[in-house]
Each structure stands twice: as structure tokens, then as C-alpha cells.
Amino acid sequence: MKRINVSFHPRHFPELRKLHTRIIVSSPTKPEFEPDGTSVHYNLLGHVLDTNPDHKTLITVHSRIILQNLRCDSALGVKLMKAYAALKDVESARKVFDEIPERNVVILNVMIRSFVNNGFYREGIQVFGTMCGFDVRPDHYTFPCVLKACSCSGNVVIGKKIHGSATRVGLASTLFTGNGLVSMYGKCGFLSEARLVLDEMSRRDVVSWNSLVAGYAQNQRFDDALEVCREMEFVKVSHDAGTMASLLPAVTNTTRDNVMYVKDMFLNMGKKKSLVSWNVMIGVYMKNAMPVEAVELYSRMMEADGVEPDAVSITSVLPACGDTSALSLGKKIHEYVERKKLIPNLLVENALIDMYAKCGCLDRARDVFEKMKSRDVVSWTAMISAYGVSGKGRDAVALFSKMQDSGLVPDSIAFVTTIAACSHAGLLEEGRSYFKLMTDHYKITPRLEHLACMVDLLGRAGKVKEAYSFIQEMSVEPNERVWGALLGACRMHADTDIGLLAADKLFQLAPEQSGYYVLLSNIYAKAGRWEEVTKIRDIMKSKGLKKNPGASNVEVNGEIYTFLVGDRSHPQSDEIYRELDVLVTKMKELGYVPDSESALHDVEEEDKETHLAVHSEKLAIVFALMNTEEGEEDNNAIRITKNLRICGDCHVGAKLISQITSREIIIRDTNRFHVFRFGVCSCGDYW
DNA sequence: GTAGGGTTAG
């Protein structure tokens, strides 16, 4: 008799202890159960299968079922199929199905569900198609499941046929089948059909309404989705977390009013708020560039409601920590994740890597990366990006090769990231070869994102003309980002002619974007063409365009403080400006000359009243210096995140301040990191 | 059992 390897966890399954003991006491030479097959009770086998067994346990139980000649037993077969499907082992579920001779509606439903819940939609629908041949009538368990297969695969043609068959057996307007139909039509974009089904249902619940809301939301029809929400109120169906979640696809980069509507919905849930509703609200803030609100909400969920954040909460809020450089909160979340054993979890770990990377903690990012049990393309890409934005192009490129060695296939985003990393580090030839690798070897069609990266790579490296011809040779219509990259390069290398061409395109594509007018004016200023500078300023004025005010975030003692350009709103403002004056005097002793050219980076700064406006990063640096002590390791650094590119004057300033104060200053601008240490910047002044 | 919440780039 072959020895069966058993690795149960008897602690969790008291009844299993008996089984376990039996096997341990039996000597390998003796049979482990009586030949009549009664030693392991039939009910016990069923019970083990019902308690979410792991793969090893499942195989053990399955072997026993076979050994005890129970492979044809329908009841055990159904349990086996469910258990295999729960472990995503659809193939084994199918084998069990094939061995059960009986064909009844339960067995067929379980087979369909095993397929559909694991993404095998076509196979699930195929099994549905065989029901008729077995003379089995689909029931109210069958339809929701096959309809889900249609919604997930966007197959409205089959969906309509299934609708017909549901009508024939008289189930089309029952609750669960009706919900499935609403959802299927909604997801496929057939909103009037979805509405019709809903109206004809004999009974509706919150899921019915949510499904319709989801349908509109998934098709970007926010107003219609909201209208359905209002209708729900009217017919006295309370919104729940599902309603909020259903709205989510429609509230990305949306209006303040829409965000407020969802927020009201959230607040109105009062004590009925669930984990999902908190998570969705955080998600809404994140999808609307409101990271500060997202962080605040996360901090409140536990204390206000006693709701414990789960992996989804964490994954949603970590990008907000990265965005705002909220390193202390990020670290706390990391500790929480460890304490609550929320890892290993790919999404959480990937988000941690990115959070640390965006806070400038390359070592910690790498640490999370190294400790991962398994990594996907996102993990590698996040790490490559971390090196890229820190100007460590060589490390980024090395990581790309390692990713290839690990057998993963880089995707389109991995290439964007890697080419961008080359661009930051001035690795012109490497960047070119990755573009070639992507198109020739991986057969990935370059998208606008890649083209913008290439233009940036070439332009930054001084190949402005080549960048321009690259754009002209493109088979797709260049967008704002592509021309924007070219314009940026023109400013860097003082190419007025091509700069004007790029600006011309940009003014057509994005006439309201003040940043491009500012860039062009910089180019003219650099060339000493002051008349044009004035002209641009006049155009901006006549169009009512204001330059985006610069803003910097800095975390001090666990709080995020935001400073705007020329900010005087902070209670410590007077001290900050006094301290800045003291520093500037010391800087001048070291040879600092306020950079007149940088001052011109700001069209508005030529106005007398704003001429003295101090850039936000200077205020943030001084504020942090005043309120923090020099610490150890990564606590020593002052971390600043700003919403625009750093200007030349602040760049020189930060270098000198790092020298005078012996403090490390890390500034993340919209493009990359600048790490200032002892008077030198990590970018090597190439940025 | 049906709806519904998450990570990487520019």
C-alpha cells in the first residue's frame, strides 16, 4: 500500500485529528485503513472538502475517495469540484466532472461556476449549451452565472440568447436572473435593455439598482448613473457600499461636485459604513488627484468607525503617501502590514515599493523588492522607475535585464519606464536600443507614451533636430505630451526655431495650458528676445491664463505642510522669511548670485508685485530646517515634493543650503529626484 | 449565487 502523505492542520479541524492520528500510528507496512473502505468515514471526507482545504490536503482526500471506490459519488464529486475550483485548479474540477456519470442541474451548475469564476467564460457557456442535450433545465442558479460569463467577456450576442432561454423557462424577471441580465446589458453598453429588464422585474433589491448604476458608470455616463442613485432614494432603497463602488468608474478626473456627491453618499451611510465604502471613498479621492484627503480619510477609518484597513485600503492609500512624500505614514502602514500579516500580497508589496521610491527611499524600496516571494512585471517596473527617477540609469537598465532573465515578458509600461530612466541619466544609445528591442523583438507597437519618451531622450541629450524628425516620421498623430517634450528640450538647448514650431502646435492642442506659454517665454528670454517675452505675457493676460502656482509639500513630525509660492499664510511665516534672509546672506558669502535667468522662468515674476515671490521649495526647506533636528539614517533628510519643475535658482540654492547646514535635501519635482548633499546634486546638473 | 473596492509610466 502506498503511503499517503498527509499534511493537515489538525488545530483548525478537530475532527481531522482522529484521521491524522490514525495515519501516524499506522506502520508503513500495514494498510492505513481497512480494505472495506470504512475507516475514513464518508461524512468526514465531505466535511474536509467543505472547509477550504489546501491543495495538498485536497489531493490526499481525493486519493482516498478514489481508493474507497467513491469516484462516481455525485455528492462528493460536487464538493471535490468546488474545492478544486476554489484553488483555481479548473482542470482537476473538469476531470472530476467527467468521472461523475450523473448529469443533474447541480452538477452542471457547479461545473459552469468553476469555469466562470476562474475566467473560463467560453467553457462555462459551452457547458450551459450541453444542458439541453442532457434534458436538464437551467434554474435560477444557472442564469446569474452564465450571464456573468457574458458580461465579463462582453458577449452580448450570447447574452441575448441566454435572455431568451431565461424567458422561456419563466425566470427572466426573477430577482437573481434579472440582476444578472441588468448587469450583463449594462456592462455591454446596452443601457436601455438593462433598464427594460429592471422595470419588468417582479422584485428588485439594492443589487438590481447597483447593477444599473454600474452599467451607466462603466460607460462613462456619470449623470445617468447619478440619476439612478436619486431614483433609488425616491423608491426608498438605501445606497450601500456597492452603490459607491459601482459609481467608481465614472468618477475619475471628474468635477468637484461629483466627488462631493459621492462623499455625501458616504457620509449619509452613517453607522452603516463598511470597509468597502471607506476604501471606495479613498479610491475616489485618489482618482481625482486629492491625495491629502485620501490620507486623512485613511487615518480616520480606524478611530472613527473601528474599521480595520485591509489590503485594498492599504493599496489604495499608499500611492497617496508617495504623492505627498508622507514617509512617516508610509512607514507606519508598512509596520501595520507586517503586523497584520497582509503580505505576501503582490499588490501591497508593489505599492510599498512605489511609496518608498516616491519618498526617495531607494534602499527601503529595494528591501521590499528583495524580500518578495514572487514578483510580477509591475514589481520590476516600480523598481526600475525608482532607479530611473533617482538618475541611476545604469541600475535601472541592469534591473531590466534581470527581469528578462527571470522569464517575465516586459510590457508596454516597462518600456516607457526604462526608456525614461535612460533619458534621465543621459543614456542615449541604451534608450534607443530599448525602443528597438520593444518594436523589433517584443513586437509592441509604440504608443504616444513611448514616442514622448523618445523625444525626451533625444531632446534632452541635445539631439533636438533628430527629435523633431522623429516626430515627423511618426505614424501616429503626436499629442500634447510629445510636443511638450520637444518644447522642453528646446528650452534646455536654446533652440528658438524648433521651439516656436512646437509651441505653435501646443497652443492649438492645449490653448489653456499656461505652462507652455511660460516655456516659450523662457526660450525667448534666454535668447534675449524681450519683445516676444512681453508679447507672450500679453497673450496670457488677454486669455486670462494664470501660471500654475508652485506648491511644495514637506513632512515635518508626521504632518504634511503645503507651501505655495510667496506663501505667507503659515503662522511661522515671519520667522521663515527671517531665517531665509540669514541663509541667503551665508549663501552669498559662498558666491551665490540670485539667478536672473531663473527669475524669468516665471512670466508673472516680471510683474513688480510678484517679483519678490519666494519659490515654494525655499519656504518648505527653511520651515523644515527650523522644525526638525538632524537625525540618523533616512530621518536626516528633508523631503520635499513639488508640483512643477525645480528652477535653476532653487537648484543652486538647495545645493548651497545642503552645504551650509550639512542636511540632506531631497526634492522630487514633476520629473525626478534631486538629492542635495554637501553642495552637490545627484542629478549632476543634468535635468 | 447576482452588482461592487487595489499596484507600475508619462
Side-chain angles (χ1 to χ4, degrees), chain A residues 109-110 112-113 116-117 139-148 151 174-184 186-187 194 201 205-215 217-218 239-249 274-284 286-287 309-319 322 342 345-355 357-358 375-386 388-389 410-421 423 447-456 479-482 484-485 670-671:
Chain A
N109 283 347
V110 172
I112 293 172
R113 201 161 39 248
V116 174
N117 286 347
D139 64 4
H140 54 286
Y141 281 81
T142 319
F143 287 112
C145 192
V146 283
L147 288 167
K148 182 183 176 175
S151 3
T174 57
L175 185 61
F176 275 68
T177 302
N179 287 351
L181 285 167
V182 173
S183 167
M184 182 274 296
K187 205 169 227 169
M201 284 167 70
D205 64 1
V206 68
V207 176
S208 329
W209 290 100
N210 289 351
S211 306
L212 191 62
V213 171
Q218 283 154 355
H239 299 148
D240 68 355
T243 320
M244 289 180 64
S246 304
L247 277 173
L248 199 56
S274 69
L275 176 61
V276 174
S277 51
W278 283 91
N279 289 350
V280 172
M281 200 59 231
I282 294 173
V284 169
M286 288 311 292
K287 284 171 196 271
D310 70 351
V312 177
S313 333
I314 303 293
T315 321
S316 311
V317 81
L318 277 174
L342 295 176
N345 173 322
L346 255 183
L347 275 83
V348 170
E349 290 163 302
N350 291 346
L352 278 171
I353 294 175
D354 186 56
M355 181 275 295
K358 291 218 165 72
R375 307 180 185 97
D376 65 359
V377 176
V378 176
S379 332
W380 288 91
T381 305
M383 205 58 228
I384 291 170
S385 163
V389 290
D411 64 2
S412 157
I413 298 178
F415 277 105
V416 173
T417 311
T418 309
I419 296 170
S423 181
R447 296 205 308 229
L448 284 163
E449 293 88 329
H450 302 103
L451 303 169
C453 270
M454 284 304 289
V455 170
D456 189 63
N479 67 354
E480 194 189 326
R481 287 194 172 276
V482 176
T670 46
N671 215 30

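In the text below, chain A, chain B and the rest are named by the order of the sequence lines, each starting its count at 1.
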Distance check needed: [N] [atom2] versus [X] [atom1], whole Å only.
X	N	atom1	atom2	answer
Asp205(A)	dG4(B)	CG	C1'	13 Å
Ile353(A)	dA9(B)	CD1	P	12 Å
Phe143(A)	dA3(B)	CZ	P	16 Å
Phe415(A)	dA9(B)	CZ	P	16 Å
Phe176(A)	dA3(B)	CZ	P	10 Å

Under 4.0 angstrom, heavy atoms only, what part of the nucleic acid is Ala420(A) near: base, sugar-phosphate, or nothing?
sugar-phosphate
Applying a 4.0 Å non-hydrogen cut-off, can you work out what Val207(A) is touching in the nucleic acid: base, sugar-phosphate, or nothing?
base
Does [N] have OP1 or OP2 sitting under 4.0 Å from an N or O in the side chain of [X]?
X	N	result
Gln218(A)	dG4(B)	yes
Thr381(A)	dA9(B)	no
Lys187(A)	dA3(B)	no

Using only atom types and a distance under 3.5 Å, with no angle test, would you say the side chain of Asn479(A) pairs donor to acceptor with the backbone of Val482(A)?
yes
Are the side chain of Ser423(A) and the backbone N or O of Ile419(A) linked by a donor-acceptor pair below 3.5 Å?
no
Below 4.5 Å, heavy atoms only, C-beta onward: do Leu346(A) and Val378(A) meet side chain to side chain?
no
